[in-house]
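Quantities reported herein were computed from a predicted structural model and do not represent experimental measurements. Note: hydrogens, waters and symmetry copies are ignored here, and every other heavy atom, side chains too, is used.
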Amino acid sequence: MTPAIVTFIVLLLIGAPVAVVMAMSGLAGGFAMGGERMLGIIADRMFSGVSGFLLIAVPYFIFTAELMNQGGLTQKLIAFNNALFGRVRGALSHVNVSVSVFFAGLTGAAITDTVAIGKIMIPEMKRQGYDAEYAAAVTACSSIIGPIIPPSVVMVVYATLLRDISVIDLFAGGIIPGLLMALTLLLVSFFLAWKRGYPKQPPTPFKVAITSFLVALPAMVVPLIILGGILSGLTTITEASGFAAVYTIAIGVVFYRNLTWHKIWHSLVVTVRFSGVVFFLLATSAVLGWFVTRSGIARDAAGLITTFSDSTFLQLLLVCALLIVIGTVMDVLPALVVVAPVLVPAMVQLGVDPLHFAILMIVVLNISNVTPPVGMTLMTAARIAQVPFERAIIASLPFYVAFLAVILLLVTFPILSTWIPSLLG
C-alpha cells in the first residue's frame with residue numbers, strides 16, 4: 001500500500017495529469033503486491049474500465065450539447081425564458097438560472113452550459129447595467145445544475161465506476177436535488193436584484209411570448225426524448241442519447257436551418273477531444289479502483305470515519321467537508337474517479353444508502369466547479385465577463401452559501417434523493 005500512496009502524493013504534488021497519477025499509483029501498488037505478474041491484470045483492468053456499453057452514451061451527450069451550441073438552439077431557449085420573467089426586477093439574472101435548468105436536460109455537462117449560455121447572457125447583462133462579476137457568478141453557479149438534472153455525463157461515469165447503482169436510478173435521484181439548487185439560486189438572485197436595484201425589462205407582449213415558446217419547443221423536446229425513453233423503458237441510456245443527437249441534427253438542419261455541415265464537423269471534433277479525456281480517466285481509474293479493493297483501503301477508510309463519530313449525520317457532514325476540500329484542487333471527473341472507489345464502499349459499510357450517498361457526492365463535487373483555485377466554470381465565466389477571477393469568487397459567495405444549504409438538506413433528508421427512484425421501482 002505504501003508505494004502506491006507515495007507514488008500518488010509525489011506525482012500529484014509535481015503536477016502530473018490526474019490520469020497518469022492514478023495509473024502509476026495503481027501500477028506501483030499492484031507491483032508491490034504481486035510483482036510482474038500483476039502487470040497483465042492491470043492492462044486488463046484498464047480495458048474493462050472503458051469497455052462498457054453504457055459508456056457509448058458519453059460521446060453522444062457531448063455531441064448533442066455541441067450541436068445545441070453550434071445550431072443556435074441555446075438562443076431560442078434564452079428568448080423563451082426571457083419572455084417568462086417579463087418585468088421582474090433583475091430578469092436577466094433569473095433567466096440565466098432558469099435557462100440552465102432547461103439546458104441541463106439537454107447536455108449534462110457544466111462547462112458546456114457555462115460557455116453556451118455565458119457567451120450570450122453575460123455581455124447582455126453587462127450592457128443592461130449588471131455588475132460584470134455578478135454576471136459571471138450567476139452564470140457559473142447555475143451551470144453546475146447541468147450535471148445534476150439528467151442526463152448527466154458525471155452520473156454515467158459514476159455508474160460505470162461503481163456498477164452498484166443503475167444510471168436510471170441516478171438520473172431519477174438527481175431531479176429533486178437539481179431543482180432544489182435552481183430554486184435556492186433563484187431566491188438569492190431575487191434578493192440581490194432587489195437589494196442592488198438591477199434593471200427591469202419592458203413587458204413582453206403575449207403574442208411575442210407565444211411565438212418564443214413555439215420557436216423553442218423543438219429544442220425543449222430533446223429532454224423528453226432522453227428522459228421519456230429511458231424512464232419509460234422504451235430505450236436504453238445509449239439508445240436515448242443517440243436518438244437525441246440525431247434529433248438535434250434534424251431540427252438544426254431542417255427546422256432552424258442554421259446548423260451547417262461545417263458546424264456538425266466542428267461538433268464532432270470537440271466531442272472526440274472531450275471524450276478522449278473522459279475515457280482515459282476511466283481507464284486509469286479502473287486500475288486505481290482495483291488496487292483500492294484489493295488493498296483494503298476502503299475498509300480502513302470506514303474505520304477512520306467511525307473514529308470521529310458514530311452518528312451517520314455527522315459522518316456524512318465530515319465526508320462532504322472532505323469532498324469540498326478535494327474539489328478545491330481537482331475538477332469534478334478526476335475527483336470522482338479518485339475518491340468514489342474509496343468512499344462509496346466505506347459509507348455503504350457504515351449503513352448509508354448507496355443511492356443517497358451517490359447523489360450527495362455528485363452534488364458536492366460539482367460545487368467544486370465554482371470553488372477556487374480550480375473552479376473551471378467560474379474561471380470560464382470570469383474570462384467571458386472579462387473580470388479578474390478573484391472578483392468573480394467574491395460575487396459567487398451568496399450562491400455558494402445557498403449550495404451549502406442544499407447540501408445540508410440532502411444530508412438531513414435522504415428521501416430527497418431516493419423518492420423518485422423508489423416510485424420507479
Side-chain angles (χ1 to χ4, degrees), residues 8 12 17-23 25-26 45-46 49-50 52 54-55 57-58 61-62 108-112 143-167 169-171 173-174 177-178 274-293 297-298 301 316 319-348 352 354-371 374-377 403 407 410 417:
F8 185 91
L12 202 62
V18 174
V20 174
V21 173
M22 291 188 293
S25 301
R45 290 294 89 198
M46 291 188 70
V50 295
L54 179 63
L55 286 175
V58 172
F61 284 138
I62 298 170
I111 194 68
T112 303
S143 295
I144 67 173
I145 300 173
I148 310 301
I149 295 178
S152 168
V153 171
V154 176
M155 289 179 180
V156 174
V157 171
Y158 183 97
T160 305
L161 281 174
L162 278 301
R163 303 188 183 185
D164 58 344
I165 302 175
S166 73
V167 72
D169 283 341
L170 290 172
F171 277 12
F274 190 24
S275 299
V277 174
V278 173
F279 279 82
F280 187 36
L281 280 170
L282 286 173
T284 54
S285 70
V287 177
L288 186 61
W290 166 80
F291 171 71
V292 166
T293 303
I297 292 177
L316 284 173
V319 171
C320 287
L322 174 63
L323 291 172
I324 289 174
V325 172
I326 292 172
T328 62
V329 294
M330 298 180 71
D331 202 8
V332 179
L333 280 179
L336 182 70
V337 297
V338 168
V339 302
V342 178
L343 289 180
V344 173
M347 297 309 296
V348 171
V352 178
L355 177 59
H356 173 221
F357 184 69
I359 298 299
L360 183 62
M361 182 165 61
I362 290 171
V363 168
V364 175
L365 285 179
N366 270 285
I367 292 175
S368 68
N369 265 314
V370 292
T371 306
V374 179
M376 286 304 299
T377 59
F403 286 147
I407 292 174
L410 293 178
S417 305

S.K.: Taking the side chain as every heavy atom from C-beta outward, state whether Phe357 and Val348 have any atom pair closer than 4.5 Å.
M.R.: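 Counting from C-beta outward, Phe357 and Val348 never come under 4.5 Å.
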S.K.: Distance from Ile144 atom CD1 to Ile362 atom CD1, nearest 0.5 Å?
M.R.: 13.0 Å
S.K.: Do Ser417 and Leu410 make a side-chain contact, defined as non-hydrogen atoms from C-beta onward lying under 4.5 Å apart?
M.R.: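 Contact flag for Ser417/Leu410 side chains = yes.
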S.K.: If you compare all heavy atoms of Pro150 against all heavy atoms of Phe171, which two are closest, and at what distance to 0.1 Å?
M.R.: CG-O, 3.2 Å
S.K.: Atom OG of Ser166 and atom CG of Leu355: how far apart are they, to the nearest 0.5 Å?
M.R.: 8.0 Å
S.K.: How close do Ile359 and Leu170 get, counting heavy atoms only, and between which atoms?
M.R.: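 Taking every non-hydrogen atom into account, CD1-O, 3.6 Å.
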S.K.: May I ask you to decide if Ile148's main-chain N or O and Ser152's side chain share a donor-acceptor pair within less than 3.5 Å?
M.R.: no
S.K.: How about Ile62 and Ser275: do any of their side-chain heavy atoms sit closer than 4.5 Å?
M.R.: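 Yes. Closest side-chain heavy atoms under 4.5 Å.
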S.K.: Could you tell me which non-hydrogen atom of Leu316 sits nearest to which non-hydrogen atom of Met347, and how far apart they are?
M.R.: CD2-CE, 3.7 Å
S.K.: Taking all non-hydrogen atoms of both residues into account, name the closest pair between Leu360 and Cys320 and its distance.
M.R.: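 Shortest heavy-atom contact: CD2-SG, 3.6 Å.
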S.K.: For Leu343 and Leu323: C-alpha separation, side-chain torsions, deciding distance, then whether side chain to side chain contact (heavy atoms under 4.5 Å, CB included) applies.
M.R.: CA-CA 10 Å; Leu343 289 180; Leu323 291 172; 3.7 Å; yes
S.K.: I need the minimum non-hydrogen distance between Pro177 and Gly173, along with the two atoms involved.
M.R.: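 Taking Pro177 first and Gly173 second, the nearest heavy atoms are CD-O, 3.1 Å.
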S.K.: Can you tell me how far the CD1 atom of Ile324 sits from the CZ atom of Phe403, to the nearest 0.5 Å?
M.R.: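 That separation rounds to 11.5 Å.
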S.K.: Any side-chain heavy atom of Ile407 sitting closer than 4.5 Å to one from Val364?
M.R.: yes
S.K.: Please name the pair of heavy atoms, one in Pro147 and one in Met155, separated by the smallest distance, quoted to 0.1 Å.
M.R.: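 Heavy atoms only, the tightest pair is O-CE, 3.9 Å.
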